[in-house]
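These numbers come from a predicted model, not from an experiment. FYI, side chains are in, hydrogens and waters are out, and symmetry mates aren't considered; it's all heavy atoms of this structure.
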Amino acid sequence: MILRKVWGSMWSRSNSNKESASQGPLSTSLGAFDDLPMDILIQILMLMEPRDAVKLSLACKAWRCLACGNRLWIFYLQCSQESWDSIFFGETSLRSGYPLRMLSSQSGELSFMRIYGQRAQVPGSIIIDGGSGYCKFGWSKYASPSGRSATFLEFGNIESPIYARLQQFFATIFTRMQVKPSMQPIVVSLPLCHFDDTESAKASRRQLKTAILNVLFDMNVPAVCAVNQAVLALYAARRTSGIVVNIGFQVITILPVLHGKVMRQIGVEVIGFGALKLTGFLKEKMQENNITFQSLYTVRTLKESLCYVALDYKAELSRDTQASMKIAGEGWFTLSKERFQTGEILFQPRIAGLRAMSLHQAVALCMDHCDAAGVTGDDSWFKTVVLAGGSACLPGLAERLEKELHDHLPSYICNGVRVIPPPCGVDSAWHGAKLISNLSTFPGPWCITRKQFRRKSRLMW
C-alpha cells in the first residue's frame with residue numbers, strides 16, 4: 001500500500017513537472033525507502049502484482065532500475081503455471097527459432113520483464129502430436145493433451161491418397177476440439193519415418209511434410225510449426241542435443257540430435273520391433289499360463305500398469321514378483337515373471353524368437369558413430385540419452401539401459417553417459433511442442449505462414 005502511494009505521488013509530481021522545459025530528469029531517489037537494503041526492497045516488490053511493479057518502474061530512475069530487474073521478473077515467472085526450468089530453457093535456447101542460438105541471462109540480451117509481457121500476449125496454439133500408435137492433441141495453454149485418437153498413419157482407408165487421409169484426420173481433430181482452423185497457429189509433430197540420409201529418403205520426408213502443410217493451409221490455418229517428434233521429446237527433457245530412443249508402435253528408432261537437428265548423416269539405428277511386439281509377447285505368456293482376457297487392450301493395460309524392466313534379469317528370476325490388478329468388466333489379473341520378462345526382450349530379443357539387435361547394442365553403435373564422426377570438439381553432446389514413447393515408460397528401463405551401456409562401451413565413451421526416462425511420460429513430444437508454443441517469440445521464428453509456404457517450391461526438412 002505504501003509503494004502504491006509512493007507511485008501515485010511521484011507520478012503526479014512527474015506530470016506536474018512536464019510543463020517546465022527546464023525540468024531535469026526524474027529523481028534518482030527512492031524517497032523514504034533509501035535506507036532499506038536492496039534485498040528487503042526486492043522482497044517488498046515481490047508482494048506486489050506485476051502490473052503494479054510496471055507502474056512503479058515509471059516513477060523515477062531509481063524505481064525503474066529496481067522494478068525492471070531480472071530478479072523480480074524471474075520471481076513472477078516462477079509463480080506461473082509452467083515450470084521455471086522449462087521457461088528458462090525455452091527462452092535461453094529456443095526463442096530465436098532454428099538454427100538454435102543459445103542466449104545467456106547474464107549477457108544483457110534477455111529482459112525477463114519483457115519476456116513476461118510477451119508471454120502473456122502469446123495467443124496459444126493447437127498442438128497435434130501424431131504418434132505411431134496414438135495421436136495426442138490439445139491447447140498449448142492446457143497442462144496436458146485434451147484428447148487422443150488413432151494416429152493419421154492408420155486413419156481412414158489405407159488405399160486412399162495421403163492428402164485425403166490427412167484431411168480427414170485434421171478435420172476430425174478440429175471437430176472434436178470445437179475450434180476453427182483459421183483462428184490459431186498449429187504445432188504439428190512430424191512422424192519418425194524414412195530414416196536414411198539418402199536422396200530418396202529425403203524426398204519422401206519432404207513429400208510428407210509438404211502434404212501436411214498443404215492440407216493445413218488449405219483449411220485456412222494461419223501458420224504452422226512442424227518439428228520432428230524426436231526433437232520435441234528432446235526439448236521436453238530440456239536438451240537440444242543428445243540421442244533419442246523412441247520405442248514406437250512397430251519399430252524402435254535411435255536418433256542422434258545435435259543443436260535441434262537430426263544427424264542422419266551420422267546414422268539412425270532402427271530395431272525391427274516395437275511396443276506392439278512387447279504387448280504380443282505378454283499376450284503369449286498369459287495364454288501359456290491359461291490367463292484369459294477379452295482383448296489386446298486388456299493386455300496393453302496390464303503391460304503399462306504391472307510390467308517393469310529388471311536391473312539384473314537372472315537375479316530377478318529367483319524373486320517373488322507376483323502382483324495383481326483389477327480391470328473393470330474383466331475382474332482380477334495376477335502376473336508374476338511375465339512382469340519383467342516382457343521388457344527383457346528389449347535387451348534379449350532372442351527370448352521372444354526375434355533376430356534383432358538389442359536396445360543397448362543399437363544405442364552403443366549410435367554412440368560409436370557419433371564419436372567417430374567428430375562433428376564437434378566436445379563429445380558430451382551424444383552422452384545424454386532421452387527415452388520416448390509409451391513403452392519407454394516401463395519402470396527400470398532407463399536404469400537398465402544405462403547399466404548395459406556402461407558395461408558394453410569403452411571407458412572413454414561411457415564416462416558421463418546418462419539415460420533420462422520419458423520426461424513427460426507418453427506425452428513427451430506434446431509437451432516439447434507446448435514449450436515452443438508458449439515462447440515469448442512464438443509464432444514468429446518457429447512458424448511458416450501460408451504466403452511463405454506458397455512462395456517456396458521446396459522446403460528444407
For Phe89, the ring-ring contact (aromatic ring centres under 6.0 Å, His included) test, sequence neighbours excluded, returns none
Is a side-chain donor or acceptor of Ser140 paired with a backbone partner of Lys434 at a separation under 3.5 angstrom? no
Worksheet entry | Tyr98 OH: over 12 foreign heavy atoms closer than 6.0 Å | yes
**Message:** Can a donor-acceptor pair be found, under 3.5 Å and without considering hydrogens, that links the side chain of Thr198 to the backbone of Ala201?
**Reply:** yes
In terms of side-chain heavy atoms, does Gln207 have a donor or acceptor partner in Thr210 at a distance below 3.5 Å? no
Heavy-atom closest pair (Leu232 atom, Ala429 atom, distance to 0.1 Å) is CB-O, 3.6 Å
For Pro123 and Lys141 the tightest heavy-atom approach is C-CE, 4.4 Å
Are the side chain of Ser80 and the backbone N or O of Leu77 linked by a donor-acceptor pair below 3.5 Å? yes
Practice item. Give a yes or no on whether Met46 atom CE has more than 12 heavy-atom contacts from other residues, nucleotides or ligands under 6.0 Å away. Key: yes
- Task: Give a yes or no on whether the backbone of Ile127 and the side-chain of Ser125 come within a donor-acceptor separation of less than 3.5 Å.
- Result: no
Output for pair (Leu192 CG, Asn246 CG), nearest 0.5 Å, gives 5.0 Å
What one should report as the nearest heavy-atom pair of Trp381 and Cys370 is CH2-SG, 3.7 Å
Output for pair (Leu405 CG, Met367 CE), nearest 0.5 Å, gives 5.5 Å
Value for CG (Leu66) from NZ (Lys61), rounded to nearest 0.5 Å, stands at 16.0 Å
In terms of side-chain geometry, is the basic nitrogen of Asp85 or Arg239 positioned less than 4.0 Å from the acidic oxygen of its partner?
no
By ring-ring contact (aromatic ring centres under 6.0 Å, His included), Tyr76 pairs with (sequence neighbours left out) Trp73
**Prompt:** Quick check: does any side chain N or O of Thr342 sit under 3.5 Å from a backbone N or O of Arg339, one acting as donor and the other as acceptor?
**Reply:** no
Minimum side-chain heavy-atom gap Leu282-Cys307 below 4.5 Å: yes
Hey, are Thr172 and Thr175 close enough side-chain-wise for a donor-acceptor pair under 3.5 Å? no
Taking every heavy atom of Pro191 against every heavy atom of Gln229, the minimum-distance pair comes out as CA-OE1, 3.9 Å
Heavy-atom closest pair (Gly124 atom, Pro185 atom, distance to 0.1 Å) is O-CD, 3.5 Å
Rounding to 0.5 Å, atoms CD (Glu269) and CG (Asp368) come to a distance of 10.0 Å
Requested in this report: Verify, without hydrogens or angle tests, whether Lys180 (side chain) and Phe174 (backbone) share a donor-acceptor contact under 3.5 angstrom.
Outcome: no
Trp446 side chain to Leu94 backbone, donor-acceptor under 3.5 Å
yes
Going by an N to O cut-off under 4.0 Å, is there a salt bridge joining Arg119 and Glu91?
yes
Would the distance check show the side chain of Lys136 and the main-chain N or O of Gly147 forming a donor-acceptor pair, the cut-off being under 3.5 Å? no
task: Please determine if Asp196 and Arg205 form a salt bridge, counting it only when a charged side-chain N lies under 4.0 Å from a carboxylate O.
output: no
TODO: May I ask you to establish whether Arg400 and Phe347 are in a cation-pi arrangement, using a distance under 6.0 Å from NZ or CZ to the six-membered ring centre and at most 45° from the ring axis?
DONE: yes
What one should report as the nearest heavy-atom pair of Trp430 and Asp129 is N-OD2, 3.8 Å
Crowding at NZ, Lys383 (>12 non-hydrogen neighbours, <6.0 Å)
yes
task = Test Glu399 against Lys403 for salt bridge (Lys or Arg N to Asp or Glu O under 4.0 Å), laying out the working first.
result = CA-CA 6 Å; Glu399 293 81 1; Lys403 173 180 174 290; over 6 Å; no
- Would you say the side-chain atoms of Gln452 pair up with the backbone N or O of Thr449, donor to acceptor, closer than 3.5 Å? yes
Self-check item: Pair Arg148 + Asp427, salt bridge at N-O below 4.0 Å
Solution: yes
Polar side-chain atom of Thr279 near backbone of Ala275 as donor-acceptor pair, under 3.5 Å: yes
Discussion item. Does any part of the side chain of Ile42, heavy atoms only, come nearer than 4.5 Å to the side chain of Phe75, both counted from C-beta?
Written reply: no
